[in-house]
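Heads up, the thing below is written out as structure tokens.
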Amino acid sequence: MFKHFIWLEWKSFFRSASFGSNLAMKIIMGLVALYFLACFAILGVTVFFILKKEGLEPLATINKFMIYYFVFDLVIRYFMQKMPVMNIRPLLTLPIKKGTIVHFSLGKTALSFFNWTHALFFIPFTVVLLMNGYGYQAILWNIAMFSLVYFNNFINVLINNKNAVFYSVLAVFVGLALTQYYKIFDITTYTQPFFQGMYSTNYLFLLPIILLVLSYYFSFQFFKNRLNLDEGLAKKSEVAQTENYTWLEQFGTLGTFLKNDIRLLRRNKRSKTTLIMSFVFIFYGLLFFTGSVDAYNNPAMKVFAGIFVSGGFLFTFGQFIPSWDSAYYQLLMSQNIPYKEYIKSKWWLMVIGTAISTIIASFYLYFGLHTYLIIVVAAIFNIGVNSHLVMLAGAFVKTPIDLTTSKQAFGDKQAFNVKTLLISLPKMLVPMALYAAGYYLFSPNIGLLFVALAGVIGFMFRDFMFSKIEKIYKSEKYATIAAYKQKN
Amino acid sequence: MIQVHNLSKTYNNGVKVLNVETLEIPKGQSFGLVGNNGAGKTTFFSLLLDLIQPSSGHITNNNVQVNTSEAWKPFTAAFIDESFLIGYLTAEEYFYFIGELRGQNKADVDALLAKHEEFFNGEILKSKKYLRDLSKGNMKKVGIIAALIGKPEVVILDEPFANLDPTTVNRLKKIIKELADDANTTVLVSSHDLAHTVEVCNRIVALNKGEIVKDIQTSPETLKELEAFFAV
């Protein structure tokens with residue numbers, strides 16, 4: 001039976017729409033993936049020596065922070081990891097035992113990216129431990145850590161979509177982290193001995209294994225009891241609200257599209273994820289402006305931060321124009337739609353998003369007016385130049401978007417983030433170079449002026465760019481329709 | 001109204017799915033397209049809506065060549081399948097959206113909806129559901145009525161009778177007949193159901209493997225003729 005399942009998975013992987021993109025992209029993505037894997041592995045190897053040099057006992061120090069490591073892992077999983085639920089619907093009426101289906105679905109989660117990446121850190125680290133005379137207990141520790149990784153995996157299955165449970169656990173741990181930071185109460189004094197015990201005793205490592213077995217058992221039961229179309233596999237439907245946004249009607253067709261786009265953003269899981277991500281981007285700048293990372297402490301990198309702080313929404317939303325409308329693209333193409341108004345409405349949405357981000361980012365004034373001005377000129381550059389580039393690139397992205405799932409944003413099959421990264425790089429480099437040129441040749445303020453000026457010049461090309469994008473939409477029309485029809 | 005010239009569609013694998021040398025649909029006709037699965041019905045409608053590219057030939061809609069100009073869009077409306085619906089809107093929002101694109105104000109749309117209240121059977125308007133959560137049948141009802149917004153001169157409905165309950169099928173027939181009686185509206189309907197098609201259309205074309213195999217004006221004998229043709 002499992003042979004059939006694996007066959008199905010194999011087909012679904014290699015026949016997915018995104019896999020068919022061109023060979024060059026695949027190779028580049030492969031290289032980028034390799035790079036990240038290497039980074040992890042190097043971290044696993046070197047962290048031991050770094051800690052030792054700092055005069056800390058490496059394993060004990062790692063164990064101290066393990067509790068946060070696993071909580072953080074759970075948070076990431078909760079938001080990103082796909083639940084293998086929907087694709088088992090067609091199997092229900094076939095002569096397969098329910099237990100087998102559940103075992104397979106759960107087993108599939110075990111192979112997820114979110115599990116095996118941990119190996120890249122833990123295995124090199126353990127090898128280094130062994131080579132430094134930590135003895136066979138290091139292996140016990142490693143086994144315990146992996147059991148906990150998988151324990152997290154199944155806990156995530158159990159709490160998936162239970163926001164109340166998840167957010168209360170998260171709140172408790174954020175609270176604990178804060179109390180630790182302000183030295184009021186240190187949870188790690190209690191948890192550190194537990195993790196250390198995996199190494200220092202010969203039996204404590206059995207506990208995570210028992211936890212793992214239990215969590216598997218419970219998620220198995222949980223799934224199996226809900227393997228009905230009206231329970232575990234039910235599509236959740238929410239009570240619809242009607243929003244008219246009548247004030248937008250004064251903008252004519254542009255208003256019609258804007259209205260629809262606002263509803264799109266507010267009512268779909270996928271777009272909500274985008275909104276959350278763009279909000280997180282606003283705080284990305286803290287890494288740069290606080291000077292906490294040395295490598296980021298130079299003028300060009302600050303513009304880099306400014307571009308992301310003000311343009312988080314622009315990038316996360318813009319890269320999938322027109323894919324956001326993929327589900328009903330055929331409708332749009334058979335309606336009397338002025339492309340220009342359509343493009344303009346998306347553009348305005350990005351402008352509004354950038355403006356809101358920039359306003360929220362005003363707390364960066366705390367780091368001085370110049371810092372905030374960097375963000376403002378970056379916003380001008382984003383609106384004037386990057387908004388067009390993002391849409392231009394988006395016109396070629398023919399990946400249909402499933403609005404109803406939030407997990408797709410980092411889905412294992414569609415490495416959107418890597419593609420995005422590749423397309424995004426030039427958009428960062430130009431303003432960075434401009435600012436650095438002004439900064440070093442004249443003065444920091446001239447640097448700001450350069451970036452802002454580039455933005456204004458870019459803005460003057462707006463209508464030209466719009467007609468270019470329109471042409472692409474038209475010439476790619478049939479291919480786009482065909483690609484959007486292919487759903488995952 | 002609609003002229004087809006040497007139209008053919010061949011896919012990359014060399015399979016010819018549609019090959020229509022010439023076909024003329026005059027204004028005001030109610031045109032029924034019947035055929036088995038894979039006969040080319042949806043392909044024909046997709047070509048008519050310029051959703052796919054013809055391999056050769058072209059279609060003109062009111063003297064507008066559909067794959068080169070977009071001027072046919074203002075007077076043409078269609079419902080092919082659920083991908084014509086916007087899942088995250090409520091039915092009302094969807095109707096108003098389509099209405100605005102077709103230059104209709106809210107009052108115009110409301111008047112049309114009021115007229116078809118019976119067709120919705122109280123399950124669609126003010127149902128507090130997004131379109132993605134409606135049943136297949138109710139989705140179809142929304143799509144069909146949306147295709148009537150703004151009095152389009154050409155209405156294209158692909159398989160409108162499928163997935164509908166018997167009562168709704170009868171109501172839909174009434175609606176299509178009304179459109180058919182209007183000399184300004186050309187209706188194109190495809191179906192697997194010969195009886196329904198014969199009832200609402202005054203001309204029926206049967207497709208088989210992409211070729212036109214029958215082209216008949218509806219008469220009392222039409223149904224028998226068609227049934228004999230499709231009999232095994």
Side-chain angles (χ1 to χ4, degrees), chain A residues 234-246 248-249 251-272 324-339 341-342 400 402-404 474-475 477-482 484-485 487, chain B residues 11-12 45-54 66-68 70-94 96-103 105-106 125-135 143 146-147 149-150 152 154 156 158:
Chain A
K235 278 193 219 151
K236 291 196 186 75
S237 66
E238 44 200 310
V239 178
Q241 296 154 311
T242 310
E243 287 134 349
N244 287 323
Y245 304 114
T246 31
L248 279 169
E249 267 157 32
F251 300 110
T253 321
L254 177 67
T256 305
F257 285 128
L258 268 179
K259 243 194 280 188
N260 217 29
D261 286 334
I262 294 172
R263 290 179 186 137
L264 179 136
L265 285 173
R266 292 191 47 184
R267 293 182 183 172
N268 295 295
K269 268 192 183 170
R270 179 60 204 283
S271 45
K272 279 188 207 157
W324 290 109
D325 296 316
S326 62
Y328 45 89
Y329 203 63
Q330 294 198 63
L331 168 82
L332 295 184
M333 285 301 115
S334 64
Q335 293 297 333
N336 184 27
I337 286 193
Y339 285 92
E341 296 294 310
Y342 173 84
D402 183 359
L403 290 166
T404 50
K474 279 185 181 163
S475 67
K477 176 179 163 180
Y478 303 111
T480 312
I481 292 175
Y484 287 165
K485 267 192 199 162
K487 285 185 186 133
Chain B
Y11 281 102
N12 290 338
F45 285 166
S46 300
L47 285 164
L48 188 50
L49 293 168
D50 191 36
L51 296 174
I52 54 178
Q53 211 167 8
V66 295
N67 59 334
T68 49
E70 294 188 69
W72 53 273
K73 286 180 175 176
F75 57 83
T76 309
F79 181 65
I80 303 290
D81 57 24
E82 288 96 68
S83 70
F84 275 61
L85 300 177
I86 303 179
Y88 55 84
L89 297 184
T90 63
E92 283 93 340
E93 288 169 345
Y94 178 71
Y96 295 140
F97 176 70
I98 300 289
E100 280 166 41
L101 292 181
R102 303 197 148 267
N105 64 31
K106 219 174 152 210
L125 299 176
K126 302 195 183 93
S127 68
K128 292 209 177 296
K129 273 185 181 173
Y130 295 127
L131 293 181
R132 61 182 175 219
D133 297 325
L134 292 179
S135 70
I149 292 175
V154 178
I156 301 164
D158 194 16

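All chains are named by letter (A, B, ...) in the order of the sequence lines, taking the proteins before the strands, and each is independently numbered beginning at 1. From a predicted model like this one, the values you see are computed outputs, not experimental measurements.
Counting all heavy atoms, side chain and backbone alike, Lys73(B) lies closest to Ser334(A) at CG-O, 4.1 Å. Of all non-hydrogen atoms in Phe97(B) and Thr256(A), the two that sit nearest each other are CD1-CG2, 3.5 Å.
Looking at Ile98(B), the atoms closer than 4.5 Å to chain A (heavy atoms on both sides) all sit in the side chain, from C-beta outward. For a residue to count as touching a neighbouring chain, one of its non-hydrogen atoms must lie under 4.5 Å from one of that chain's; by this rule Gln53(B) touches chain A with backbone and side chain alike. At a 4.5 Å heavy-atom cutoff, the contact between Tyr339(A) and chain B is made by side-chain atoms alone. Heavy atoms closer than 4.5 Å to chain B are found in both the backbone and the side chain of Leu264(A). With a 4.5 angstrom heavy-atom cutoff, Leu85(B) touches chain A only via backbone atoms. For Asn105(B), no part lies under 4.5 angstrom from a heavy atom of chain A.
Using a cutoff of 4.0 Å between basic side-chain nitrogens and carboxylate oxygens, Arg267(A) and Glu93(B) are scored as salt-bridged.
Annotation: side chain of Tyr88(B) is not in contact with side chain of Leu265(A) (no heavy-atom distance under 4.5 Å). Considering only heavy atoms from C-beta on, Lys477(A) comes within 4.5 Å of Asp50(B) through its side chain.
Going from atom CD1 of Ile86(B) over to atom CG of Leu331(A) covers 5.5 Å, rounded to the nearest 0.5 Å. The distance from the CZ atom of Phe257(A) to the CG atom of Leu101(B) is 5.0 Å, given to the nearest 0.5 Å. Atom NZ of Lys485(A) and atom CG of Asp81(B) lie 8.0 Å apart (nearest 0.5 Å). Here the straight-line distance linking atom CE of Met333(A) with atom CD of Glu70(B) works out to 8.0 Å at 0.5 Å rounding. Distance check: Tyr328(A) OH to Tyr94(B) OH gives 10.5 Å after rounding to the nearest 0.5 Å.
The greatest number of non-hydrogen atom pairs below 4.5 Å with chain A, out of Thr90(B), Leu51(B), Thr76(B), is found for Leu51(B). The residue among Asn268(A), Leu332(A), Ile481(A) with the most heavy atom pairs within less than 4.5 Å of chain B is Asn268(A).
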